[in-house]
Amino acid sequence: MATVHLRIGDLVWGKLGRYPPWPGKIVSPPKDLKKPRGKKCFFVKFFGTEDHAWIKVEQLKPYHPHKEEMIKINKGKRFQQAVDAVEEYLKKAKGKDQVRIFTNLCSCFYLVSLENIKDDPHFHHFLLSQSEKHFLVILIIVYCLEKDTGSTSIQAADSTAINGSITPTDKRIGFLGLGLMGSGVVSNLLKMGHVVTVWNRTAEKCDLFIQEGARLGRTPAEVVSMCDITFSCVSDPKAARDLVLGPSGVLQGIRPGKCYVEMSTVDPETTIELAQVITSRGGRFLEAPVSGSQQLSNDGMLVIVAAGDRSVYEDCSSCFQAMGKTSFFIGEAGNAARMMLILNMVQGSFMATIAEGLTLAQATGQSQQTFLDILCQGQMASTFVDQKCQNILQGNFKPDYYLKHIQKDLRLAISMGDSVNHPTPMAAAANEVYKRAKALDQSDNDMSAVYRAYIH
């Protein structure tokens, strides 16, 4: 069983004597209160009560992963009031974090922009371009709308439905590709009442969704011919092209008015090529790559960046509400591919830097856990950093976003930079580390397995 690392500020379930587990927060003890001798313990302040106590570590559980379990076994009124107090605390804390992250991101963006215009004699007239505004807003949304991933996908989807008042479209939906991201998307589409027909190269992956009410398409062409709007989400540009242009592919099922939505993260050249062949047959095209992970896909909390046919974007409204937290439309086909590669370039480079910091801490005799504790109390604190680092320390590299895919995104982003003669030295350095990790057979592990490139 993996060790759970706890620290001051964490929300927990604490078991005290004969009482049931109760929600609380690990806090610093009063200076005059000595820590008991013996086993490791933490000082916990309980919600909904004035009680506080030293609790042994084996009597503590992290709050979010065990929330549903605890609610099922304790139905008392005082207990429910305590849980409500935790949720209220979380809302306030999230608001403060979003303001902090927003401020930090805006400051960073301003400094980068200032560096670019410092030699401009008309610098006092400087305004952000439309594309820079789009990038800034999406980057802020990606980080600020982080949602705790301890909740189940059903709960997340339900909350989306309640907040967004989703009425599923009466259009027939097709979905091609049931990988890490696609599976969560289809599950949420079905839960929100959409009529979905699925296809996957490995047919067995369709079985679970057929049991949940999806229909089965034998080929991509058949799915497109049966549906009004067909989404696809595959691994790379080659897979995206083959799906459309290959035998029994999407193009063979396209008729005037049929909509095709490309959700894969690919280069802009591939997107534009696919848009041209789809529209040449009278079809309507939208690109809509997503920012997120398997967990965020399961939770219906993806960020969707779309471009192409605006009317298709509007027709997909209920689908995007079911699968994501928010969506953007940013113009002509190719723009969303460019934006997503930039976002993933930033994320991939950041992950490599975190891994480098963890291994440097170890190499210089510093505690990696202490490094993480300090990091998560500072300005760079985020759910992403905490979860990835904890998984690294626990040796858990179960894929949430494949390492081979983030390396592909870095490679495509570097190529995009070359095409406009824009330097990408940070991404290039990170790319080399991911290539090293792939050589160590880490391709099918999580992107955080880039850590292993530094220790082998």
Side-chain angles (χ1 to χ4, degrees), residues 153-154 157 172-191 194-227 229-254 258 260-267 270-271 274 278 287-290 292-300 302 319 322-323 340 344 396-409 412 437-438 441-447 449:
S153 58
I154 293 175
R172 296 163 297 175
I173 304 300
F175 205 96
L176 312 174
L178 301 173
L180 288 184
M181 306 294 275
S183 293
V185 169
V186 171
S187 182
N188 282 315
L189 287 172
L190 289 168
K191 287 169 188 170
H194 294 85
V195 177
V196 185
T197 300
V198 297
W199 175 89
N200 192 70
R201 186 176 56 182
T202 307
E204 294 76 23
K205 285 190 176 182
C206 297
D207 293 343
L208 175 62
F209 301 101
I210 302 304
Q211 294 172 17
E212 293 180 1
R215 302 170 183 179
L216 178 64
R218 291 174 297 179
T219 66
E222 183 177 86
V223 173
V224 174
S225 65
M226 293 169 59
C227 299
I229 303 173
T230 300
F231 295 85
S232 71
C233 188
V234 293
S235 58
D236 56 33
K238 182 180 184 304
R241 285 193 181 95
D242 289 347
L243 193 62
V244 174
L245 305 173
S248 300
V250 167
L251 196 59
Q252 293 184 23
I254 290 291
K258 295 282 186 180
Y260 187 63
V261 183
E262 180 59 80
M263 301 191 75
S264 314
T265 301
V266 297
D267 56 284
T270 296
T271 295
L274 296 181
I278 295 295
E287 58 168 335
V290 296
S293 61
Q294 181 186 30
Q295 186 63 58
L296 292 174
S297 176
N298 292 343
D299 289 349
L302 296 169
C319 297
M323 66 180 76
M340 192 55 59
N344 286 359
N396 173 17
F397 297 104
K398 180 181 176 182
D400 197 36
Y401 193 98
Y402 284 121
L403 183 142
K404 62 186 177 185
H405 290 170
I406 199 69
Q407 190 273 323
K408 173 262 297 182
D409 296 342
L412 294 178
K438 287 177 67 177
D441 296 324
Q442 300 303 309
S443 290
D444 291 325
N445 280 333
D446 186 68
M447 62 185 291

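N344 places no side-chain N or O within 3.5 Å of a backbone atom of D409 that could act as its donor or acceptor partner. Without hydrogens or angle criteria, S187 side chain to G184 main chain gives no donor-acceptor distance under 3.5 Å. Side-chain atoms of N445 never come within 3.5 Å of backbone atoms of L403 as a donor-acceptor pair (strictly under, hydrogens ignored). In terms of modelled atom types and a separation under 3.5 Å, the side chain of K408 and the main chain of S235 share a donor-acceptor contact. In terms of modelled atom types and a separation under 3.5 Å, the side chain of D400 and the main chain of Q295 share a donor-acceptor contact. Not a single donor-acceptor pair under 3.5 Å links the side chain of K205 to the backbone N or O of G179.
Shown here for I173 and C319, the closest heavy-atom pair between the two residues is CD1-SG, 3.7 Å. Between P289 and T265, the shortest heavy-atom distance links the atoms CB-OG1, 4.2 Å. When all heavy atoms of H405 and Y401 are compared, the pair lying nearest together is CB-CE2, 3.8 Å. For the residue pair C233 and G182, the shortest heavy atom distance occurs at SG-N, 4.3 Å. The two residues E262 and A240 have their closest heavy-atom pair at OE1-CB, 3.8 Å. Of all non-hydrogen atoms in P220 and S248, the two that sit nearest each other are CD-O, 3.4 Å.
Under the 4.5 Å side-chain criterion, counting only non-hydrogen atoms from C-beta, W199 is in contact with L243. With a 4.5 Å cut-off on side-chain heavy atoms, V185 and F175 count as touching. Within the 4.5 Å cutoff, the side chain of C206 has heavy atoms near those of the L178 side chain. At least one side-chain heavy atom of I278 sits under 4.5 Å from a side-chain heavy atom of V250. When side chains are defined from C-beta on, S297 does not count as touching V290, because their heavy atoms never get closer than 4.5 Å. The shortest side-chain heavy-atom distance between M323 and M263 falls under the 4.5 Å cut-off.
Annotation: the span from L245 atom CG to Q252 atom CD amounts to 10.0 Å, rounded to 0.5 Å. To the nearest 0.5 Å, the span separating CG on L302 from CG on L296 amounts to 6.5 Å. With rounding to the nearest 0.5 angstrom, the CE atom of M181 is 11.5 Å from the OH atom of Y402. From I210, atom CD1 reaches atom CG of L216 across 4.5 Å, with rounding to the nearest 0.5 Å. Distance check, rounded to the nearest 0.5 Å: CG of N298 to CG of N188 gives 7.5 Å. Interatomic distance, CG of D446 versus NZ of K398, reported as 11.0 Å (0.5 Å rounding).
F397 pairs by the ring pair (Phe, Tyr, Trp, His ring centres under 6.0 Å) definition with nothing, not counting sequence neighbours. In this structure, the side-chain contact (heavy atoms from CB on, under 4.5 Å) partners of T230, at least two apart in sequence or on a different chain, are L176, V223, V224, C227, Y260.
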Given T202 and E204, is the side chain to side chain donor-acceptor pair (under 3.5 Å) satisfied, shown in steps? CA-CA 6 Å; T202 307; E204 294 76 23; 5.3 Å; no
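The side-chain contact (heavy atoms from CB on, under 4.5 Å) with L189 is formed by just one residue from the set V196, V198, V195; it is V196.
More than 12 non-hydrogen atoms from other residues, nucleotides or ligands lie less than 6.0 angstrom from CZ of R241.
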